[in-house]
Amino acid sequence: MRWNHSLTNLSCHVCRIRKACCLTSHSSFTATRKCDNIFTKRQHNFICNTVKEYGTSVFCTNSSNFIVNTHKPHKRLLYHLTGVKCQRLLRSCSHYTNSEEKLSPPWKIMFFGTDEFAVESLHALNQNRSSSTSVVEDITVVCSQSKALRRGKHLSIVSPIQQYATDNHLSMCVWPEINSYTDFDVGIVVSFGHLLPLQVINKFPYGILNVHPSLLPRWRGASPIYHTVLSGDTTTGVSIIQISAKFDVGPIVLQRSVQVPTRCTTPQLSSILSQLGSNMLLETLHDLPTNLSNARPQPKTGSTQARKITTAMSYIDWCGSTCDDIDRLYRAISDHVNLRTEWQGKQVKLHHMVDPHLIQDLQISLSNPKPGQVVFNKKLKILCIRCKNGWVGFKAVTLATRKQLSAQEFYNGFLSRDGSSSSKYFNSIPSNISQKIPTKTILHNS
């Protein structure tokens, strides 16, 4: 047997295929070109063995990609060569009527998502369907089973993705009942909250892309945006990766960075990154095969974990936390869970934190103040609380099961009436103790 060289000009908008070599059987091959389709001996042997095992012919799309036509009609496998290593990009076969048909958009997409962050990407894909340069042919939305989902400080049975899909009349199914849905080109995961098994990933010819709101490998896990704010990062970004059977470890297809605005909150940063992520997703889909072939592995160093946000993280250690620590904690999680402390054995929720820089300008005349000590500032009508290195201020509190009280009301009703020194202190709850408090997961945004 021998290779049958048939160089043909192909017009493919996405892959930019200029030449194709049709391989028949798996025998010897002598390179006749000095550009795109020159393979090393080891690469050549790998291609031959792949054709022998899986298929009858192969199309070489460029110097690093080749597509194997399998023995089954209209089913193909796409491989990417990196040196002597080969990464299969299209892990399973898809039903096409033409060997060139799905090398370019528009794509049939299955979208996995849950919360508000995911809505921006789904909206961009849905809007793109009607554009003149559409990369989306059809969308089916996969959502989690209906359950109580925290949206801000309110509970909702319908997730934001479910609501958007319903309002825009998109086809929708409930995880994990997706086996009856077939013939998709690529899957997209945005803040879904479930680990997709390998058999699901393999259903898609181009695998599954994940829009992750961090500069991977920093902040792998469920809550990257929260931890970006909580840690005081000045730079963050969005990574589009190919997912694997483990969370957030796949190769990076596209990555962009942005500066984190000063005193930015989690909702504000989420809005910035969701818009960036949706634009990057469309850019990736415009040139999907080429972008996948250029994907790079994540760095082996610099990995950090973004664990889920829980109520236990909201308790303040006045002795161990600085003003900046408390400010970052408030900006990171207060949209979903209030900061907490204790007063005379009762839980207190703290509301409406004041910019710490304003508090430092106040003249609080106390000799030797202790962490947790509370002072009411009559001019600004705020509660000033001593922490490790200064004072922080809050405009309102909720005591136990009572309604929310302004700082003035809390002072009049409690602080000014009880003359004991213990009434002037909030209790510290060290982090090692707060982690033992029964926890409740608030939200994830991976």
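Below, all heavy atoms of this structure are taken into account, side chains as well, without hydrogens, waters or symmetry copies.
When atom types are taken as modelled, the side chain of Q360 and the backbone of W391 share a donor-acceptor pair closer than 3.5 angstrom. In this structure, N168 contributes its side chain and Y164 its backbone to a donor-acceptor pair below 3.5 Å. Under the 3.5 Å distance criterion, the side-chain polar atoms of Q298 are matched with a main-chain donor or acceptor of G250. Side-chain atoms of S134 do not come within 3.5 Å of backbone N or O of S130 as any donor-acceptor pair. Remark: side-chain polar atoms of E177 are not paired, donor with acceptor, to backbone N or O of V174 under 3.5 angstrom.
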Q: Evaluate the criterion side-chain hydrogen bond (donor to acceptor under 3.5 Å, both in side chains) for residue pair Q347 and Y315; output intermediate values, then yes/no.
A: CA-CA 10 Å; Q347 184 185 96; Y315 287 85; 2.8 Å; yes
Q.
Let's go through F394 and H352 carefully: what are the C-alpha distance in whole Å and the side-chain angles of both, what is the deciding distance for ring-ring contact (aromatic ring centres under 6.0 Å, His included) to 0.1 Å, and is it a yes or a no?
A. CA-CA 5 Å; F394 294 87; H352 310 305; 9.5 Å; no
Q: Could you walk me through whether T398 and H351 pass side-chain hydrogen bond (donor to acceptor under 3.5 Å, both in side chains), step by step?
A: CA-CA 8 Å; T398 299; H351 309 282; 2.7 Å; yes
(Q) Run E283 and N279 through side-chain hydrogen bond (donor to acceptor under 3.5 Å, both in side chains) and show every step you take. (A) CA-CA 6 Å; E283 181 180 342; N279 293 336; over 6 Å; no
(Q) Between R218 and Q305, is the side-chain hydrogen bond (donor to acceptor under 3.5 Å, both in side chains) condition met? List the steps. (A) CA-CA 7 Å; R218 185 163 178 79; Q305 296 299 316; over 6 Å; no
**Q.** ring-ring contact (aromatic ring centres under 6.0 Å, His included) assessment of Y206 paired with W107
**A.** CA-CA 10 Å; Y206 285 98; W107 312 107; 5.2 Å; yes
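The aromatic rings of F192 and W175 stand perpendicular to each other, their planes meeting at an angle above 60°, with 30° marking the opposite boundary.
Between the side chains of Q268 and R331, no donor N or O sits under 3.5 Å from an acceptor N or O. A donor-acceptor pair shorter than 3.5 Å can be found between the side chains of H194 and S144. For the residue pair D335 / T266, no side-chain donor-acceptor distance below 3.5 Å is found, with atom types taken as modelled.
The two residues I241 and V249 come nearest to each other via the heavy atoms CD1-N, 4.4 Å. Minimum interatomic distance between G277 and S121 (heavy atoms only, all atoms of both residues): C-OG, 4.4 Å. Shown here for H212 and W219, the closest heavy-atom pair between the two residues is NE2-O, 2.9 Å. Between P299 and R220, the shortest heavy-atom distance links the atoms O-NH2, 4.4 Å. The two residues K381 and Q408 have their closest heavy-atom pair at CE-OE1, 3.9 Å. For the residue pair M353 and P356, the shortest heavy atom distance occurs at CE-CG, 4.1 Å.
Annotation: the span from I109 atom CD1 to D185 atom CG amounts to 8.0 Å, rounded to 0.5 Å. Interatomic distance, L215 CG to T235 OG1, rounded to the nearest 0.5 Å: 7.5 Å. Atom CG of L383 sits about 10.5 Å away from atom OH of Y411, to the nearest 0.5 Å. Note that CH2 of W343 and CZ of F414 are 6.0 Å apart. Values are rounded to the nearest 0.5 Å. Note: L269 CG to S274 OG = 9.5 Å, rounded to the nearest 0.5 Å.
Put simply, the side chain of F111 does not reach to within 4.5 Å of the side chain of T140, judged on heavy atoms. Side-chain atoms of S239 and D248, non-hydrogen and from C-beta on, never get closer than 4.5 Å to each other. Considering only heavy atoms from C-beta on, L339 comes within 4.5 Å of I326 through its side chain. The shortest side-chain heavy-atom distance between F410 and L415 falls under the 4.5 Å cut-off. Proximity of H286 to T133: side-chain heavy atoms (C-beta onward) are separated by under 4.5 Å at one or more points. Put simply, the side chain of T228 reaches to within 4.5 Å of the side chain of V260, judged on heavy atoms. Side chains of L350 and N338 form no contact here, defined as non-hydrogen atoms less than 4.5 Å apart.
By the 4.0 Å N-to-carboxylate-O rule, E409 lies too far from K403 to be salt-bridged with it. One finds no salt bridge joining D325 and K388 here, because no Lys/Arg side-chain nitrogen approaches an Asp/Glu carboxylate oxygen to under 4.0 Å.
At most 12 heavy atoms of other shown residues, nucleotides or ligands fall within 6.0 angstrom of atom CZ in R402.
Taking the six-membered ring wherever Trp is involved, the centroid distance between the rings of H336 and Y226 falls below 6.0 Å.
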